[in-house]
Chemist: 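Sending over a structure as structure tokens; questions will come in a sec.
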Amino acid sequence: MEDINKNTSVNFQDESNNNSPDATNVIKELTNENNDQKQVQITVQKELKKNLFHINRNIRYCIYIMELLCLFNFDQGAISASTKEIKNSFKMTDRELGSFGGISFLGTTLGGIFSLSVINKINRRYIILFLEIISIFSLYIPTIITSKILFTLCRILTGFSQSFMSIYLPVWVDQFGVYKKKSFMISIITIPSAFGYLLGNILVVFSSWKTTFRINVFLCICLFVGFFLSNDIYFSKSIVARKKILFSSVNVNNSTDINKIDEISMFEDDSLNNNIYDNQSIIKNAIQCFKSNLFRYITLAIISIFFILSGLQFWVNDFFENALDIKDKKFRLLGFVIIIVFTALFAPIVAGFIMQKLGGYDSKRVIYLPFICCIISLICSNLMLLSNYKYYILILFECYLFSGCIIIPCLNGILISSMSKELAGSVSAISNLLYNILGRLAGPSFYGIFRSIFEKNSRL
């Protein structure tokens, strides 16, 4: 019975494990002995309960929502919509204001380095609580002071505190997400940030940037309380799902019984079986990541996509006005809103839905989705050079960005699920750090350089 207990908890991410017998063989042996598949199901479930444990699904959903709300930040949108007021309040020059607009990305970069250093060393719930406290103070202090030096420091701290969740959330979803919905859960991670940016703009219209900041502070306080009351088990680095192989092995004709099995979310603390989680080194983890061809190529692909998206996001108004010759400000604004809504909000949802239909981001078939989207992007980008009809170009431009945004959650899911579980935190942190520095930060500058070479009216 001990062998059954051990072998039926094989990790579904490593079905090729040759160190122990396959769970299917155990079940087949029981089936041959009893000739009763229903009895096999009952026996396996009883044995699983000895080794594995259940984690409440509703609480996991609640924590997932709280983690999404951590990305729901209004501050950047509020600043973008209040440049004149901020310039006057803090007595900034135009050059200082221009540098100030992206200063939070410096904090994001520093936060990425910090996350890489501590994500596998310190209790992750404590990290979140610590960063929520920093976020609360860094958002509130600018509303009561007039020092631009302190304001700049607060913006760096805000970016620093907000970076960890964008790194940790994909890891958490792969670890604790509901199996049948994990692809959708990991796909919509990018939505809160984009929606928060738009909502920040809207709140400023009806109030002010200071009020918007204070609303964000209130949200952070609520999240701090929620995480403070949560149990450490939902943030453990060594909890692993042990589930899929059981369902694929038990061949029960009664669909009701299968549905009952699916409701059982079984987990195991992998640190009890080995001490690899206690001996992790940042440098060793980084070396293991870069040794992987999969990690190198997927990270390079994500960097390329963010390199393009960040450049277009910053220069999109200039692109519309000069390259597409759209002089009407209202029409440019409408085009920008449509692009933001479809690429930032709908593309992740579409990506999650299609990935689920293909069997999830840990299915081999899912690689066809980014492959096809890449071909669509290439076709649209080249067709944009062959026409002067602006409406036709706008449609191609939207398809180009939409297909590109579908690729991102696919590659993130493949990357997180395919690497070793003990490396998941380091994989996400290193990848996030690289595409922030080489993609998001470098993209606008590179676009500006090429704009000066090919002149402002070129679509190239």
Chemist: In Å, rounded to the nearest 0.5 Å, how long is the span from CD1 of I79 to CD of E85?
Modeler: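 These two atoms lie 12.0 Å from each other.
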Chemist: Under 3.5 Å, is there a donor-acceptor pair between the D174 and Y361 side chains?
Modeler: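 A donor-acceptor contact under 3.5 Å links the two side chains.
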Chemist: Taking only residues two or more places apart in sequence or in another chain, which ones pass salt bridge (charged side-chain N to carboxylate O under 4.0 Å, His left out) with R125?
Modeler: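 Residues passing salt bridge (charged side-chain N to carboxylate O under 4.0 Å, His left out) with R125: D232.
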Chemist: For the residue pair F74 and F72, categorise the inter-ring angle as parallel (less than 30°), tilted (30 to 60°) or perpendicular (more than 60°).
Modeler: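 Perpendicular: the ring planes of F74 and F72 meet at over 60°.
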Chemist: Is any side-chain heavy atom of L438 less than 4.5 Å from a side-chain heavy atom of F307?
Modeler: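 No - every pair of side-chain heavy atoms lies 4.5 Å or more apart.
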Chemist: Which residue pairs satisfy the side-chain hydrogen bond (donor to acceptor under 3.5 Å, both in side chains) criterion with at least one member in residues 337-360, sequence neighbours excluded?
Modeler: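 Those involving residues 337-360 do not exist here.
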Chemist: Identify, with sequence neighbours excluded, every residue that meets side-chain hydrogen bond (donor to acceptor under 3.5 Å, both in side chains) alongside K181.
Modeler: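 With sequence neighbours excluded, K181 shows a side-chain hydrogen bond (donor to acceptor under 3.5 Å, both in side chains) to Y61, given in chain and number order.
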Chemist: Does I453 have more than 12 heavy atoms from other residues, nucleotides or ligands lying within 6.0 Å of its CD1?
Modeler: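 Yes.
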Chemist: Could you tell me if the side chain of I189 sits less than 4.5 Å from the side chain of P170, heavy atoms only?
Modeler: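 Yes. Closest side-chain heavy atoms under 4.5 Å.
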Chemist: Under 4.5 Å between any side-chain heavy atoms of M355 and L369, yes or no?
Modeler: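 They are in contact (side-chain heavy atoms under 4.5 Å apart), so the answer is yes.
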Chemist: Apply side-chain hydrogen bond (donor to acceptor under 3.5 Å, both in side chains) to S208 and list each qualifying residue two or more places apart in sequence or on a separate chain.
Modeler: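 S208 satisfies side-chain hydrogen bond (donor to acceptor under 3.5 Å, both in side chains) with T211 only.
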Chemist: Any chance the side chains of S163 and T108 put a donor and an acceptor closer than 3.5 Å?
Modeler: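 No pair is found: no donor N or O on one side chain lies under 3.5 Å from an acceptor on the other.
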Chemist: With side chains defined as the heavy atoms from C-beta onward, is the minimum distance between V171 and R124 less than 4.5 Å?
Modeler: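 Sidechains of R124 and V171: in contact.
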Chemist: Could you list the residues that satisfy side-chain hydrogen bond (donor to acceptor under 3.5 Å, both in side chains) with S304, not counting sequence neighbours?
Modeler: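 Here no residue qualifies.
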Chemist: About how many Å separate CG of L396 and OG of S381, when rounded to the nearest 0.5 Å?
Modeler: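 Rounded to the nearest 0.5 Å, the OG-CG separation comes out at 9.5 Å.
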Chemist: Does the side chain of F160 come within less than 4.5 Å of L106's, by heavy atoms?
Modeler: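 No, their side chains stay 4.5 Å or more apart.
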Chemist: Can you tell me how far CG of N73 sits from CE of M165, rounded to the nearest 0.5 angstrom?
Modeler: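 These two atoms lie 10.5 Å from each other.
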Chemist: Please find out if less than 6.0 Å separates the ring center of F295 from that of F290.
Modeler: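 Ring centres of F290 and F295 closer than 6.0 Å.
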Chemist: Measure the CG-OG distance between L68 and S193 for me, rounded to the nearest 0.5 Å.
Modeler: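 L68 atom CG to S193 atom OG measures 11.5 Å (nearest 0.5 Å).
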Chemist: Looking at D362 and K182, is any side-chain nitrogen of the basic one under 4.0 Å from a carboxylate oxygen of the acidic one?
Modeler: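 D362 and K182: not salt-bridged.
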Chemist: Below 30° counts as parallel, above 60° as perpendicular, anything between as tilted: where do the rings of F213 and W209 land?
Modeler: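 Aromatic pair F213/W209 classed perpendicular.
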Chemist: Can you tell me how far apart CD1 (I215) and SG (C220) are? Round to the nearest 0.5 Å.
Modeler: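 Going from the CD1 atom of I215 to the SG atom of C220 covers 12.0 Å.
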Chemist: So do I59 and I63 actually touch side chain to side chain, heavy atoms under 4.5 Å?
Modeler: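 Yes; the side chains approach each other to less than 4.5 Å.
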Chemist: Less than 4.5 Å apart, side chain to side chain, heavy atoms only: is that true for S428 and I416?
Modeler: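 Side chain of S428 against side chain of I416, heavy atoms only: contact under 4.5 Å found.
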Chemist: So does F306 have more than 12 non-hydrogen atoms from other groups sitting under 6.0 Å from CZ?
Modeler: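 More than 12 within 6.0 Å, yes.
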Chemist: Does Y197 have any side-chain hydrogen bond (donor to acceptor under 3.5 Å, both in side chains) partners at least two apart in sequence or in another chain, and if so, which?
Modeler: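 Checked Y197 against side-chain hydrogen bond (donor to acceptor under 3.5 Å, both in side chains); matches are S80.
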Chemist: According to the interplanar angle, ranging from 0 to 90°, do the rings of F235 and F227 count as parallel (below 30°), tilted (30 to 60°) or perpendicular (above 60°)?
Modeler: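 Rings of F235 and F227: perpendicular, over 60°.
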Chemist: Should the ring pair Y64 and W172 be called parallel, tilted or perpendicular, given that the plane angle runs from 0 to 90° and is split at 30 and 60?
Modeler: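 Aromatic pair Y64/W172 classed parallel.
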Chemist: Report yes if the side chains of L71 and S166 come closer than 4.5 Å at any heavy-atom pair, otherwise no.
Modeler: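 Contact flag for L71/S166 side chains = yes.
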Chemist: Nearest 0.5 Å, what's the OH-OG distance between Y368 and S363?
Modeler: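 The OG atom of S363 is 10.0 Å from OH of Y368, to the nearest 0.5 Å.
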